[in-house]
Novice: 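Structure provided below as C-alpha cells; questions to follow.
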Number of protein chains: 2
Amino acid sequence: MNDSSSKMGSGDKLLLAALHLIAEKGYNGVTTLEIATAAGLSEKTLFRHFGTKQKLLEAAFDRYHYAEEMKKLFAEKLVWDLERDLLLVSTTYHEIMNRNRKMIQISLKEDEGQLPGFRARTQKHPQQLLEILTNYFIEMSAQGKIVTSNPEMHAFTFIIMHFGAFMNDLDAQKSYPGINLAPFVQESVRLFARALRP
Amino acid sequence: MNDSSSKMGSGDKLLLAALHLIAEKGYNGVTTLEIATAAGLSEKTLFRHFGTKQKLLEAAFDRYHYAEEMKKLFAEKLVWDLERDLLLVSTTYHEIMNRNRKMIQISLKEDEGQLPGFRARTQKHPQQLLEILTNYFIEMSAQGKIVTSNPEMHAFTFIIMHFGAFMNDLDAQKSYPGINLAPFVQESVRLFARALRP
DNA sequence: GAAAAGACTGTCAGTACTTACTGACATATG
DNA sequence: CATATGTCAGTAAGTACTGACAGTCTTTTC
C-alpha cells in the first residue's frame, strides 16, 4: 500500500500519500492520521511539516502538477499529415492527462469552493489543445488536405472523445472494462481521418 | 435555493435536498442539518423519516434513479438509416444521462466502498447502449450500408465521445464553456456518418 | 575519537470543535 | 385522538491540531 521507497524524504512521503488517498476517498473522506500512517509516519510529523491539512493538499498540488506549454510542444512536431498528427495530438493528450491523473480525480471530487484555483489549473491543458487543434484544422483545410465545415466543433469533438476515453480509464470501476486505451487511440484516429478526408 | 414547492411531502423535500447537496459537495461535505434546512425542515424530521444519513442517501437513490430497459426503447425505433439512427441513439443517451445527472455526479465523487452498488447501477445504461450500437453496426455492415472493420470499437468510440461531452456539460466549471450540446450532437453524428460511409 | 549540538521524529495526553443521532415535551392540524 | 413537526438540550464519537518530553541520528567541534 506504500509508495515510500525508503530514500524519499518525509515531506514527499506525506505528499504522495495525501495525493493518493484524497484522490481515492475525497478530501473530507480521509483523516490526517490515515495519511500519516499510509506514509509510514506519525500524525505529528504531518503537522510539523505542513501546519494544516489544507496546506498539505496545496503543497501536494504545487509539487505534483505538471504544466508544460503545449503550443511549444507542437510547434515543431506537426508534419501536416493528418493521421500522423492526430495520433501525436491524442497520445500527447493522454500522456499529460495521465501525469495529472490524481489531480484530475481530486478536482472532480471536490467542489470549487474548497479548492480555489484547482479546476482552473487542471483545465489549462485541454483548453490549449482545443486552440491548437482548431488552428491546425483551419490550416489543413486551407491546404486542401481535409474538409471541415466547422473546425472548432470538429476539434472539440476529437478532444472530447479522448477525454471520454480518459475518464472511462480513470476509474478502477470503469464503465467499459474490456477496452484498452492504445487500440482505441489508433482506431479513433483512423476513423477521424476518414471523416475529414476530402 | 429550494426546490420544495409547497405541495411536496416532507420526505420528498428531504430526498431532493439531499440529492442536490450531496451531488454538489459530496456525502461527507454535507451535514444532516444543512440538508434539513435546505428542505425547509428540522433536522429531527430528517431522522424521523430516514433513521440515518446513509439510509437517506439510499432512499434518494432508489427514488430518483431512472432505469428503463434500453433494448425495448430501440427495438421499434431504429429505421436503418445511419444518420437518423445515430441521432436517435445520441439524443436518447443524453436524455437518460441527464435524468440521472445527480446520481452520476454522486457516484463520481464517492468511492465504491461507501456506496455499495451505486456505480453498478449508474453504469447499466452505458453498457446496454454499447451492446445495442455494436449489434446495430454489425447489421448495417452486413446490409452494406456502412464500412466497419471493428464494430465494437466504433460503437465504443461513438458513445465515449458523447460521454465526454456529457461530462463536460455536467459541471458548472466546465472545460469548454463555449460549446453547447445540441449543435455538438448534430455535428458529431454527421462526422461519424461520414467516417463510416462505404 | 569523543562530546556536544542540532535536526527530525515518535509517544502520549489533551483541547476544541463538529456532527450524527436521541429523548422529552410542546404544538399544530385533521 | 392520531400523525407530523418543531424546539431544545444533550450524548458519543470523530477529528484537526497542540504541547511537553524523549529518543535517534547526523553534523559539527574540540
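Order of the sequence lines sets the chain letters (A, B, ...), proteins ahead of strands, with each chain counted from 1. Hydrogens, waters and symmetry mates play no part in the numbers below; they use all other heavy atoms, side chains included.
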Novice: To the nearest Å, give me how far apart CD (A/Glu43) and P (C/dG14) are.
Specialist: 16 Å

Novice: Do A/Gln128 and A/Glu69 have a side chain donor and acceptor closer than 3.5 Å?
Specialist: yes

Novice: To the nearest angstrom, how far is A/Ile35 atom CD1 from D/dC17 atom C1'?
Specialist: 14 Å

Novice: Just wondering, are more than 12 heavy atoms of other shown residues or ligands nearer than 6.0 Å to CZ in B/Arg197?
Specialist: yes

Novice: Could you pull out the closest heavy-atom pair between B/Glu110 and B/Tyr27, with the gap in Å?
Specialist: OE2-N, 2.7 Å

Novice: Starting from C1' on D/dA16, measure out to CD1 on A/Ile22 and report it in whole angstrom.
Specialist: 14 Å

Novice: Check the distance between C/dA20's P and B/Leu14's CG and give it to me in whole angstrom.
Specialist: 14 Å

Novice: Go through the structure and list residues passing salt bridge (Lys or Arg N to Asp or Glu O under 4.0 Å) with A/Arg48, not counting sequence neighbours.
Specialist: none

Novice: Quickly work out the A/Phe50 CZ to D/dT18 C1' distance and round it to whole Å.
Specialist: 18 Å

Novice: Would you indicate whether the side-chain heavy atoms of B/Phe166 and B/Asp169 approach each other to under 4.5 Å?
Specialist: no

Novice: Any Lys/Arg nitrogen of B/Glu58 or B/Lys55 sitting under 4.0 Å from an Asp/Glu carboxylate oxygen of the other?
Specialist: no

Novice: Whole angstroms only, please: what is the CG-P distance between A/Leu56 and D/dT15?
Specialist: 16 Å

Novice: Report the relative orientation of the aromatic rings in B/Phe192 and B/Phe137; use parallel for angles under 30°, tilted for 30 to 60°, perpendicular for over 60°.
Specialist: parallel

Novice: Under 3.5 Å between N/O atoms: give me all the protein pairs with nucleotides 7-9 of chain C, atom names plus distance.
Specialist:
unit_1: C/dT9; atom_1: OP1; unit_2: A/Ser10; atom_2: OG; d: 2.1
unit_1: C/dT9; atom_1: OP2; unit_2: A/His49; atom_2: NE2; d: 2.7

Novice: Rounded to whole angstrom units, what separation is found between the CG atom of A/Leu46 and the C1' atom of C/dG10?
Specialist: 14 Å

Novice: Rounded to whole angstrom units, what separation is found between the CG atom of B/Asn28 and the P atom of C/dT18?
Specialist: 17 Å

Novice: For the side chain of A/Lys44, counting heavy atoms from C-beta on, which of D/dA16, C/dT22, D/dG19 is nearest?
Specialist: D/dG19

Novice: If you look at every strand shown and take non-hydrogen atoms under 4.0 Å, does A/Lys53 touch a base, only sugar-phosphate, or nothing?
Specialist: sugar-phosphate

Novice: I want to check one thing: is the phosphate of C/dT19, taken as OP1 and OP2, less than 4.0 Å away from some side-chain N or O of B/Thr31?
Specialist: no

